[in-house]
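See structure below.
Indexing begins at 1, ligand by ligand and atom by atom, following the structure's order.
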Amino acid sequence: MSLSGKTVIVTGGASGIGAVYSAALVREGAVVYIADITDGTSLEAELSQGEPGRAIFVRTDVGDEESVRALVGTVITEHGRIDVLINNAALFATLEPTPYDQIDLALWDRVMRVNLAGAFLLCKHVGPHMAARGAGRIVNIGSGTSIKGHPGMLHYAASKGAITALTRTLARELGEHGVVVNMLSPGFTLSDTVVKDNPGLVDVARAGVATRSIHRDMYPDDLVGALLFLASEASGGFLTGQTLLVDGGQLNT
Ligand SMILES: NC(=O)c1ccc[n+]([C@@H]2O[C@H](COP(=O)([O-])OP(=O)(O)OC[C@H]3O[C@@H](n4cnc5c(N)ncnc54)[C@H](O)[C@@H]3O)[C@@H](O)[C@H]2O)c1
């Protein structure tokens, strides 16, 4: 699952689960562009000391097309190619569970802007570079929430459900150009951000641990193997449009 010499973009890669993805990809030898609104300069420094790969932080708002265009321009100027795109940025850890009839339209729009339009904009601007080279891997981060539903998270679950449709449709558009598009869907994961920002959500979501086949909490490291599989040559060139659900065997797909 080596990513030696590969150029990778990880959106939302400066904190939470994304920071664990960034570190794992650097360990596998990739040059990882961390695209986040959260400051990633200290993570950039930490990951660029002695690892096979290195990290470069580019402050990016995935919901702003100019910001995405600038990011992609920077990566292409500096490396001439983008091998892998990980669409991980989302509004999640800071979302308070809210009944469906109390969700402000402004918040609904913001969630869709970051979680859905953000992934679309990255695909829109990265996809043509991959297609021109006839190679590339896109991994969209979904969520088990969109399969099973989760009270109080209608905006979030709907945004992740739409990521499934985005993944399947893009797989069909890009398949003939050598680009594979898949989705990695985590179950409820104790990322440092969700534990810090949203203890209420942690309490509610943890109640589901008993319904897993493996009765324990899930941590970001539980996702690393699946992420590297989809991002690397290990998954080959014929797996596309699929969802890999990593949740300790809670849902069976
Ligand atoms: N933690 C879980 O239980 C869980 C479960 C299923 C799926 N997920 C998904 O995994 C991913 C990471 O989850 P997390 O727990 O680390 O959540 P998080 O909310 O802590 O992390 C999201 C990251 O996205 C960044 N971000 C937010 N808005 C952005 C913007 N406009 N532009 C660029 N970056 C932006 C944040 O700064 C952060 O680094 C998300 O896509 C989330 O939906 C998480």
Side-chain angles (χ1 to χ4, degrees), residues 9-23 33-44 57-68 70-71 85-97 107 109-122 139-150 153 155-164 166-167 183-209 212 217-224 226-227 243-248 250-251:
I9 294 175
V10 182
T11 69
S15 69
I17 301 173
V20 174
Y21 293 155
S22 298
Y33 281 83
I34 298 171
D36 206 317
I37 46 167
T38 296
D39 185 25
T41 46
S42 59
L43 185 62
E44 172 189 290
F57 171 62
V58 181
R59 190 177 298 279
T60 308
D61 178 351
V62 297
D64 174 350
E65 187 158 16
E66 285 317 306
S67 183
V68 171
L71 164 73
L85 165 63
I86 313 289
N87 272 318
N88 165 78
L91 292 181
F92 173 66
T94 52
L95 290 178
E96 293 292 335
L107 176 61
D109 287 347
R110 183 76 193 135
V111 170
M112 292 298 165
R113 183 77 180 193
V114 175
N115 297 14
L116 179 56
F120 156 64
L121 287 173
L122 264 295
V139 183
N140 296 317
I141 303 301
S143 171
T145 303
S146 69
I147 304 171
K148 64 177 183 283
H150 188 102
M153 297 297 277
H155 40 8
Y156 174 75
S159 74
K160 292 295 185 178
I163 291 288
T164 308
L166 181 142
T167 299
M183 183 160 88
L184 171 60
S185 287
F188 184 71
T189 307
L190 293 179
S191 56
D192 54 357
T193 43
V194 80
V195 169
K196 175 170 68 66
D197 296 337
N198 212 329
L201 184 60
V202 171
D203 288 344
V204 173
R206 254 185 160 169
V209 168
R212 291 178 176 158
D217 286 327
M218 178 171 167
Y219 295 95
D221 279 342
D222 290 315
L223 291 157
V224 165
L227 187 277
T243 298
L244 188 48
L245 180 67
V246 180
D247 68 352
Q250 186 176 44
L251 301 169

Given Leu227 and Val139, is the side-chain contact (heavy atoms from CB on, under 4.5 Å) satisfied, shown in steps? CA-CA 8 Å; Leu227 187 277; Val139 183; 4.2 Å; yes
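- Annotation for Arg59: atom CZ counts as buried by contact number, over 12 foreign heavy atoms lying within 6.0 Å.
- The contact set between ligand 1 and Val114, taken as ligand atoms under 4.0 Å from a residue heavy atom, comprises 28 (N), 29 (C), 31 (N).
- The proximity of Lys160 to ligand 1, defined as any non-hydrogen pair under 4.0 Å, is limited to the side chain.
- Here Thr11 pairs with nothing under the side-chain hydrogen bond (donor to acceptor under 3.5 Å, both in side chains) rule; sequence neighbours left out.
- Not a single N or O atom of Ile141, backbone or side chain, sits closer than 3.5 Å to an N or O atom of ligand 1.
- Residue contacts with ligand 1 for Ala90 involve both N, CA, C or O and side-chain atoms from C-beta outward (heavy atoms, distance under 4.0 Å).
- Across the listed options Tyr156, Phe92, Tyr219, Phe188, Phe92 owns the non-hydrogen atom lying nearest to atom 2 (C) of ligand 1.
- Distances from ligand 1 to the non-hydrogen atoms of Val194 include no value under 4.0 Å.
- Of the options Asp192, Asn88, Thr38, the smallest heavy-atom separation from atom 11 (C) of ligand 1 is shown by Asn88.
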Does the pair Leu166 and Phe120 meet the rule for a side-chain contact (heavy atoms from CB on, under 4.5 Å), with working shown? CA-CA 8 Å; Leu166 181 142; Phe120 156 64; 4.0 Å; yes
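- A salt bridge links Arg206 with Asp217; the closest basic N to acidic carboxylate O contact falls under 4.0 Å.
- Of the listed residues (Asn88, Thr167, Thr243), just one forms a side-chain hydrogen bond (donor to acceptor under 3.5 Å, both in side chains) with Asn140, and that residue is Thr167.
- Any N or O atom pair closer than 3.5 Å counts here, and Ile17 shares at least one such pair with ligand 1.
- Near Gly12, meaning under 4.0 Å from any of its heavy atoms, are these atoms of ligand 1: 23 (C), 24 (O), 25 (C), 39 (O).
- Considering only non-hydrogen protein atoms, atom 20 (O) of ligand 1 sits nearest to Thr193 OG1, 2.5 Å.
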side-chain contact (heavy atoms from CB on, under 4.5 Å) between Leu91 and Tyr156, intermediate numbers included: CA-CA 8 Å; Leu91 292 181; Tyr156 174 75; over 6 Å; no
Could you list the donor-acceptor pairs under 3.5 angstrom formed by side chains in residues 184-191, with sequence neighbours left out?
{"unit_1": "Ser185", "atom_1": "OG", "unit_2": "Ser143", "atom_2": "N", "d": "3.4"}
{"unit_1": "Thr189", "atom_1": "OG1", "unit_2": "Gly187", "atom_2": "O", "d": "2.7"}
{"unit_1": "Ser191", "atom_1": "OG", "unit_2": "Thr193", "atom_2": "OG1", "d": "3.2"}
{"unit_1": "Ser191", "atom_1": "OG", "unit_2": "Val194", "atom_2": "N", "d": "3.4"}

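- Counting the atoms of ligand 1 from 1 in the order shown, those under 4.0 Å from a heavy atom of Ser15 are 38 (C), 39 (O).
- Counting heavy atoms under 4.0 Å from ligand 1, residue Thr11 does not touch it at all.
- Proximity annotation for atom 7 (C) of ligand 1: of Ser185, Gly16, Gly142, Gly142 comes nearest, heavy atoms only.
- The closest approach between any non-hydrogen atom of Asp36 and ligand 1 is below 4.0 Å.
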